[in-house]
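Residue numbers begin at 1 in each chain, while the letters A, B, ... track the order of the sequences.
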There are 2 protein chains.
Amino acid sequence: MVEETRERIMEATYRALCEQGYAALTMQDIADECDCSKSLLHYHFDTKEDLLVALLAHLLERFEDRVPVDDGDPRGQLVELVELFVFGGDRDLDEHRAFNTAMLELRAQAPHNEAFRRQLAENDAHVHATVAAVVERGIETGAFREVDPERTAAHLLAAIQGARIRWITIGDDAALREVREALVSDVVDGWLVAG
Amino acid sequence: MVEETRERIMEATYRALCEQGYAALTMQDIADECDCSKSLLHYHFDTKEDLLVALLAHLLERFEDRVPVDDGDPRGQLVELVELFVFGGDRDLDEHRAFNTAMLELRAQAPHNEAFRRQLAENDAHVHATVAAVVERGIETGAFREVDPERTAAHLLAAIQGARIRWITIGDDAALREVREALVSDVVDGWLVAG
DNA sequence: CGTACTTGACTGACTAGTCAGTCAACGATG
DNA sequence: CATCGTTGACTGACTAGTCAGTCAAGTACG
C-alpha cells in the first residue's frame, strides 16, 4: 500500500516535471497532479530534493529494464540498441520525447547536485558497458573489425545522446533519423563490419 | 555607456548562472554578481526571462564568433572544428566547461520556452551548415569520399554534443578524448578520407 | 534644465516545510 | 461480542521566508 502510494507520487512527479519543467516545478504542482495534499509528499519524502532524486532513480531503473540482453548476433544487437536508444523501441514517440525531456532537465541539474551526478554516472557506466560488451563480442566472433570497444561505445552513445538533445531542444526529429542512418549505415555497416 | 552596462549585466548573469544553476538563479544573485541593484537589471530588461533570453543570444553570438572561416584544407579544417567544439580551442578548459554548463542549463529550458528554442535552432542550423559546407568542399576537391554532407555533419555534431553532455554532467573528461579520437581517427581519417 | 541612469524601500504573490489533528484499520482485553 | 487503545496514512491550515517586479527619489552628465 505504501509502495503503491510512492509509485503514484513518482508518476505524478514525472508528469508534473514534464509539464512545468524543473525550474518552475513546485510541490503544489506535484500534489495537484497526484490528487493529494502537499503534506502527503512530505510524509513520504522529507524534502523536494529527496523526491526528485527518487524520481531520477525511478526513471533510470525503468530505462535500464528496457535494455535487452544478449541474443547472439552482435551486428543485429548493436543496431537494435541504437534503434532503442534513438527512437525508444516500441514505445510511443511522444512518450519517448517526454521521457527524454524529463531526463534532460534532471541531467542539467547534475553539475549542482552530487546525488544526481552519482546516479547518472552509474547509469551511464552501465549502458556504456552494455554497448562495449556487444562490440567486444562482435570482435571475438569475427563479425567486427578489431576496434577499441570502449571508444566505439563512447562514440555511438555520444552521437545518440547528441541527436536526442537536438531533437528535444529544438524539435528537429530529422536529426534522429539522420544520426540513426549515420550510425547504422556508416559506422556499423560501413566501417565496423567491413573488416 | 548603456551598452557597457548591459555588457556588465550579461557577464554577471553568466557568472551567476554558472554558480547557482538555472533553477536556483535569482535576480538578487545577478545583482550581487554585478555589484548593482536589482532595479538596475529591471531598468535594462523588463523581466527575468528577457534577461536570460538576452544572455542566450549573447553567449551564442560569442560562440559563433569563434568558429573559424574556410582555410583551404577540408580535412584540416574539419579536424580543427572538432577540436574547437570538443575542447574549446585555445580557451581554458575550466572556462569551456563553465560555458557549456551554462549552455546546457539554457538548452534544457528550450522545451518550455519558445524564444530559447528559436535562438538555439538558428545557432544549430548555422553550425550545422558550417560543418556540412566543409564536408561538401572536401568531396568537391576529391579529399573526401562521396558521402551525404548533411548526414555527416549531423553525425559529427551529435557525437560532439553527446560527449560534452557526458563530460559536464558526470565529469567524465575521458569521454571528450575518446570521442575526439573516434571522430578524427575513425570517422574522418578512417572512413571519410579513405575514398 | 532635462534626460539617462541608478538606488533602497517596498509589496503581493508564492514557496517549502510544519504541525495538530482526522480517520479507518486492527488487535487486545474485559 | 463490544469497546478501548494504538498505529499508519493522510489532510488543511499555518508560518517564515523568498521571489520578481514597482516606485518615488535621487545623482550625474551633456
Answer with base, sugar-phosphate or nothing: what part of the nucleic acid does B:Ile30 contact at a heavy-atom distance below 4.0 Å? nothing
Check whether any side-chain nitrogen or oxygen of B:Ser39 sits under 4.0 Å from OP1 or OP2 of D:dC23, and answer yes or no. no
What integer distance in Å separates B:His42:NE2 from D:dA20:P? 7 Å
Distance, rounded to the nearest Å, where A:Lys48 contributes NZ and C:dC14 contributes P: 15 Å
Could you check whether any side-chain N or O of B:Arg117 sits under 3.5 Å from a backbone N or O of B:Ala110, counting only pairs where one atom can act as donor and the other as acceptor? yes
CG of B:Leu40 versus P of D:dG21: gap in Å, rounded? 15 Å
I want to confirm an ordering. Mapping A:Ser37 and B:Asp46 to their closest nucleotides on DNA chain D, which one lands closer to the 5' end? A:Ser37
Using whole Å, report how far CG of B:Leu41 lies from P of D:dC19. 14 Å
Integer-rounded Å distance: D:dG21 C1' and B:Gln28 CD: 13 Å
Rounded to whole Å, CZ of B:Phe45 lies from P of D:dT22 at a distance of 16 Å
Could you give the CE-to-P distance, from B:Met27 to C:dA9, as a whole number of Å? 19 Å
Quickly work out the A:Arg6 CZ to D:dG8 P distance and round it to whole Å. 16 Å
Test ring pair (Phe, Tyr, Trp, His ring centres under 6.0 Å) applied to A:His96 and A:Trp167, step by step: CA-CA 11 Å; A:His96 187 231; A:Trp167 174 48; 5.6 Å; yes
Has the side chain of A:Lys38 got a donor or acceptor that lies under 3.5 Å from a partner of the other kind on the base of D:dG12? no
Let me see the working for B:Glu11 and B:Arg62 under salt bridge (charged side-chain N to carboxylate O under 4.0 Å, His left out), right down to the final yes or no. CA-CA 12 Å; B:Glu11 292 305 314; B:Arg62 236 175 45 172; 3.3 Å; yes
Ignoring backbone atoms, test whether B:Tyr43 places a side-chain nitrogen or oxygen under 4.0 Å from the OP1 or OP2 oxygen of C:dT6. no
Would you say B:His44 reaches C:dT6's phosphate, i.e. side-chain N/O to OP1/OP2 under 4.0 Å? yes
With salt bridge (charged side-chain N to carboxylate O under 4.0 Å, His left out) as the test, would you mind laying out the steps for A:Asp35 and A:Arg8 before giving the verdict? CA-CA 10 Å; A:Asp35 276 319; A:Arg8 219 181 83 223; over 6 Å; no
Going by atom types only, do B:Gln20 and A:His112 share a side-chain donor-acceptor pair under 3.5 Å? no
